[in-house]
There are 2 protein chains.
Amino acid sequence: MSHGPDIARIGALIGDPARAAMLTALMSGKALTASELARVAGIGAPTVSAHLVKLTEGGLIAVEKQGRHRYVRLAGAEVAEALEALLGLAQSRGHLPFRPGPDDQAMRRARVCYDHLAGEMGIALYRALQAGGALALTPDGLALTDRGQGLLDGLGLDMPALMRARRPACRTCLDWSERTHHLAGGAGAALLTRFQELGWLRPRQTSRALRVTLEGERELPRLFERLGQAGQGPPGP
Amino acid sequence: MSHGPDIARIGALIGDPARAAMLTALMSGKALTASELARVAGIGAPTVSAHLVKLTEGGLIAVEKQGRHRYVRLAGAEVAEALEALLGLAQSRGHLPFRPGPDDQAMRRARVCYDHLAGEMGIALYRALQAGGALALTPDGLALTDRGQGLLDGLGLDMPALMRARRPACRTCLDWSERTHHLAGGAGAALLTRFQELGWLRPRQTSRALRVTLEGERELPRLFERLGQAGQGPPGP
DNA sequence: GCAATGTTTCGCCCGGGAACGAAGTATGGA
DNA sequence: TCCATACTTCGTTCCCGGGCGAAACATTGC
């Protein structure tokens, strides 16, 4: 009767609390082992094993065997995007077990969204790039302008690799805490990596939230301002 | 343990085949009655009633009582967007019960995505607007340029109402069949309405797919070309 | 007021699937 | 070689939740 892809299958996969917890944990972008996931989801090893089979068959995760560990990560940026969309919906529908604790605040400030930066910092980055004329709409979607390429190059990103990659450099991703878009894609990923290399952001053990170091606290706003001002020539219409 | 909105609740709602069928049917943007949904989902009236309670409590649908009928529609554009994202994921993961039948082809060509145009036609519209310089990135997201406003006004859209509305005029939405973005938001909705008024597109009884009338077949490509050429002055950076 | 239609409530059945314990298999280190 | 760790497989239990039929409730039209 109803045509189109089978949404129920995926919904059911996400619909189990244990699996949802695992997937949410994997939004950190890190590859976690089966036992780590067991801890996160609050279930035993056998149960996790069963869940991993289902998630793999469903194409939501990829599993890599390495020695006696089994590393699990999301199957791709697409999956992360869809999950983020669901997170946004869940948030807006009040389905949030949210007592705004300290970790929650940290999440809103800066967090990993699969492989790029999200939260207030992610939004600030995206806006700065936009204000600086680094991004442009093309018929094929979002793209880096020449100026944008220059800016990122100046930050020390490996631009040739970025432009060569099959993955689109720029995509937008819906930020569930800020209810706007932030930058995803190859450039988004490279920027997060770079910020961590520079010691401005530091991952946490326990959650997707990122710690903004003292240096980051000083340098990131400065950077955003610089990026934003770069576009003080021809602003878009 | 894992923080963030409760994704499992919504996943579970979407995860039931009957509910998924109902939600997919509601992506047509039409308000359907409970019994129509029963037919779509292939279940009985009592079961539908129970599902409607859950979906309402979950904030995914809105129900409006009218006489002895109960009209059901999606709770908002947000829900439609998230569903479309899931449709895209399901499609890419091969979870598609797809024998490319005639209806499927029609869906890919033109269909309703909640309240705006999707499929090949939707993509073509979006690209034409972009090529014509009708759209611009702003720090607040996608927006209509002055030229864009002029173009849409020329098409007979009620621009004052559009700009006055609280709803953002332009948003992007992921097209699951074309794997790119198309235009959503107030302008997207208004354009679809206008195309139907002009008799270029006609809704079908049975599915989200739209019929492109003979006039539409002639006029839509012409329109897209005109829109795209409008930007032959100052193209973006 | 009465019959027809649309929807909900109740009670029941039934299946699927999530969870665990125990035992089995692989890997790494002493 | 032998044990410890990480994970899987198997078998079992158990409960949640979808489904229907029957009956109640609501609304419209005659």
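Letters A, B, ... mirror the listed sequences (proteins, then strands); counts begin at 1. Quick caveat: nothing in here was measured; it's all calculated off a predicted structure.
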Length of the line joining [X]:[atom1] and [N]:[atom2], which is rounded to integer Å:
{"X": "B:Leu32", "N": "C:dT7", "atom1": "CG", "atom2": "C1'", "value": "16 Å"}
{"X": "B:Arg39", "N": "C:dT5", "atom1": "CZ", "atom2": "P", "value": "16 Å"}
{"X": "B:Met22", "N": "D:dG19", "atom1": "CE", "atom2": "P", "value": "10 Å"}
{"X": "A:Lys65", "N": "C:dA26", "atom1": "NZ", "atom2": "C1'", "value": "7 Å"}
{"X": "A:Asp16", "N": "D:dC15", "atom1": "CG", "atom2": "P", "value": "17 Å"}
{"X": "A:Gln66", "N": "C:dG28", "atom1": "CD", "atom2": "P", "value": "10 Å"}
{"X": "A:Leu52", "N": "D:dT9", "atom1": "CG", "atom2": "C1'", "value": "14 Å"}
{"X": "A:Glu57", "N": "C:dG17", "atom1": "CD", "atom2": "P", "value": "12 Å"}

### Query
Do B:Arg111 and B:Asp175 sit within salt-bridge range, that is, some charged N less than 4.0 Å from a carboxylate O?
yes
### Task
Run the salt-bridge test on A:Glu217 and A:Arg109 with the 4.0 Å N-O cut-off and return the result as yes or no.
yes
Do the side-chain N or O atoms of [X] get closer than 4.0 angstrom to the phosphate oxygens (OP1, OP2) of [N]?
{"X": "A:Ser35", "N": "D:dA6", "result": "no"}
{"X": "A:Lys54", "N": "C:dA18", "result": "yes"}
{"X": "B:His51", "N": "D:dG19", "result": "yes"}
{"X": "B:Arg70", "N": "D:dA26", "result": "no"}
{"X": "A:Ser49", "N": "D:dT8", "result": "yes"}

#### Entry: A:Thr33, nearest nucleotide to its side chain (from D:dC7, D:dT8, D:dA22)
D:dC7
### Query
Quick one: which of D:dG18, C:dA19, D:dC7 gets closest to the side chain of A:Ala18?
C:dA19
### Task
Answer yes or no: side-chain N or O of A:Arg68 and base N or O of D:dT5 forming a donor-acceptor pair under 3.5 Å.
yes
### Task
Indicate, with a heavy-atom threshold strictly under 4.0 Å, whether B:Ala34 touches base, sugar-phosphate, or nothing.
sugar-phosphate
### Message
A side-chain contact here means heavy atoms from C-beta on lying under 4.5 Å apart; do B:Leu13 and B:Arg19 qualify?
### Response
yes
### Message
Please compare A:Arg19 and A:Gly67 by the position of their nearest nucleotide in DNA chain C and report the one closer to 5'.
### Response
A:Arg19
#### Entry: Ring geometry between A:Trp200 and A:Phe195 (parallel below 30°, tilted from 30 to 60°, perpendicular above 60°)
parallel
#### Entry: Separation of A:Cys113 SG from A:Leu183 CG (nearest 0.5 Å)
11.0 Å
